[in-house]
Amino acid sequence: MAFLNRVADEGREGDGFLDEMAGLPGGPEARAAIRGYLDTYGMRCVGEIDITRTRWSERPAALVPVLLGNVRNFAPGEGGRRFERGNRESYQKERDVLARLRALPGGEGRAEETKRMIDRVRAFAGYREYPKYGMVNRYFVYKQALLREAGRLARSGVLREDEDVFFLRFRELEEVVRTGEVDAELVRERREAFRSHEALTPPRLLTSDGEVLNGRRRPADAPPGAMAGLAVSAGVAEGRARVVTEMARADLEPGDILVTAYTDPSWTPLFVTVAGLVTEVGGLMTHGAVVAREYGLPAVVGVDRATRRIRDGQRIRVHGTDGYVEILGSASRP
């Protein structure tokens, strides 16, 4: 624990901390487990559709906050116990639903059809992850190939640094490889434009004509001062808000409510700890909404400027059924 805390505080790049594990009690086993995980999932990261983003296998230290959270909050074997508990609950829910259907007129036929659909979902739902998994796998292969060529160009003095390759189109890169010459001013302009665009806040609604529409919505039954959003996962959760803008800086405890701009598959390991979810963007079928329903977490998405209006440590209540968030108290810690 002390070693991982030090790694988290230092925010190390690369996998140097994995090599340091070898001299710690249990270190070789822990290192082998992490590397085994990275062999399978190391191509993932936050914003993984962007080929330029740093992958977990390129910076394993990004996983340290998640590892620390699991060590602090869960006993060994908790993953298996949670799976078994969820499995039992799902079969109990199946029995309850089928019993209620059979009690209806013509219910036996309805129950048989529902049972077939439940079995189908159980058998095939997991396969929906395969296309994205395969796509992100290939993206990392493409990135590695690009960086190998970029490294060769940088060593020969054509590019200033490997990452310059990300500011060239494919045809431009082909020309650079063929001629050994690059328009350094073009690369510089594109890099500066990228940094400028990163600082912009996109409009919440943009029509096909380019018109920006602004407005506010408020559920009819929301109390004064509540922050409105979209109800995407039913239920009510109350707890400490943890405003997290980078997954690598997440520090969560059981019962916390995750407040962030958006989530993608790389954030899924955090969902085992939290009691609810609030995001600034999203809809019924975006990642955070879908995973929140799968985990049974109340969630509200599309809450305007949630990461700025909610302070880290405040006590909040998430109304996942009605689509709004209430602030109940001041921050419990800085």
Side-chain angles (χ1 to χ4, degrees), residues 1-8 10-84 86 124-152 162-163 165-166 244 246-250 252 263-273 287 290-291 294-295:
M1 280 286 287
F3 173 73
L4 289 179
N5 278 317
R6 179 162 56 87
V7 172
E10 293 175 0
R12 302 185 187 193
E13 300 290 330
D15 62 355
F17 84 96
L18 291 177
D19 296 329
E20 291 182 48
M21 282 185 169
L24 300 174
E29 294 83 359
R31 180 179 61 178
I34 294 173
R35 283 186 169 162
Y37 181 87
L38 292 173
D39 286 343
T40 304
Y41 301 109
M43 77 297 183
R44 311 213 79 144
C45 66
V46 175
E48 59 195 10
I49 293 297
D50 182 350
I51 198 172
T52 69
R53 293 294 185 97
T54 302
R55 310 287 143 168
W56 288 343
S57 59
E58 295 174 315
R59 186 179 173 239
L63 292 173
V64 168
V66 179
L67 294 172
L68 281 170
N70 287 342
V71 171
R72 290 170 182 153
N73 300 320
F74 304 113
E78 179 65 16
R81 288 191 295 273
R82 285 196 172 214
F83 179 86
E84 289 303 322
F124 297 111
Y127 286 99
R128 71 186 178 87
E129 300 296 333
Y130 276 77
K132 178 73 178 296
Y133 179 83
M135 180 175 70
V136 176
N137 253 317
R138 291 193 298 276
Y139 277 13
F140 190 35
V141 173
Y142 303 156
K143 179 182 183 180
Q144 290 173 309
L146 284 171
L147 287 178
R148 281 196 297 270
E149 186 61 30
R152 185 187 67 79
D162 295 3
E163 286 71 21
V165 73
F166 296 136
V244 180
E246 297 179 45
M247 178 187 158
R249 298 184 180 277
L252 301 169
T263 69
D264 62 19
S266 69
W267 289 70
T268 303
L270 302 181
F271 281 64
V272 300
T273 304
H287 174 267
V290 173
V291 176
E294 291 177 344
Y295 280 65

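Note that these values count all heavy atoms, side chains included, but never hydrogens, waters or copies made by symmetry. What you see is a predicted model, and the numbers here were worked out from it, not measured in a lab.
Atom OG1 of residue Thr273 and atom CZ of residue Phe271 lie 11.0 Å apart, to the nearest 0.5 angstrom. In this structure, Met247 CE and Leu252 CG are separated by 10.0 Å, a value rounded to the nearest 0.5 Å. Atom OH of Tyr142 is separated from atom CG of Leu147 by 15.0 Å, given to the nearest 0.5 angstrom. Considering CD of Glu48 and OH of Tyr139, their distance stands at 10.0 Å, rounded to 0.5 Å.
A distance-only check finds no donor-acceptor pair linking the side chain of Asn137 to the backbone of Lys132 [under 3.5 Å]. In this structure, the side chain of Asp264 engages the main chain of Gly47 through a donor-acceptor pair within 3.5 Å. Proximity of a side-chain donor or acceptor of Glu149 to a complementary backbone N or O of Leu146 within less than 3.5 Å is not detected. Lys143 places a side-chain N or O within donor-acceptor distance of the main-chain N or O of Arg53, the cut-off being under 3.5 Å.
The heavy-atom pair separating Ile34 from Leu18 by the smallest distance is CG2-CD2, 3.8 Å. The shortest non-hydrogen separation linking Pro65 to Ala250 is CB-O, 3.3 Å. Contact between Trp56 and Cys45 at its shortest, heavy atoms only, is NE1-CA, 3.8 Å. Closest heavy-atom contact between Leu24 and Pro28: O-CD, 3.7 Å. For the residue pair Tyr295 and Val272, the shortest heavy atom distance occurs at CE2-CG1, 3.7 Å. Smallest separation of non-hydrogen atoms from Val66 and Pro269: CG1-CB, 3.7 Å.
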Could you walk me through whether Phe74 and Arg82 pass side-chain contact (heavy atoms from CB on, under 4.5 Å), step by step? CA-CA 11 Å; Phe74 304 113; Arg82 285 196 172 214; 3.0 Å; yes
Is there a salt bridge (Lys or Arg N to Asp or Glu O under 4.0 Å) between Arg55 and Glu58 once you walk through the steps? CA-CA 5 Å; Arg55 310 287 143 168; Glu58 295 174 315; 5.0 Å; no
I would like to know whether Ile49 and Met135 meet side-chain contact (heavy atoms from CB on, under 4.5 Å); could you show each step before the answer? CA-CA 9 Å; Ile49 293 297; Met135 180 175 70; 3.5 Å; yes
Run the numbers on His287 and Thr268 for side-chain contact (heavy atoms from CB on, under 4.5 Å), then give the verdict. CA-CA 9 Å; His287 174 267; Thr268 303; 3.1 Å; yes
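Here Asp19 pairs with Arg35 in a salt bridge; the nearest charged N to carboxylate O distance falls below 4.0 Å. Salt bridge Glu78/Arg81: present, at least one basic N to carboxylate O contact under 4.0 Å.
By the neighbour-count criterion of 12 heavy atoms within 6.0 Å, atom CZ of Phe140 is densely surrounded, having more than that number from other residues, nucleotides or ligands.
Tyr130 has its ring centre no less than 6.0 Å from the ring centre of Tyr133.
Annotation: side chain of Leu63 is in contact with side chain of Leu38 (closest heavy-atom distance under 4.5 Å).
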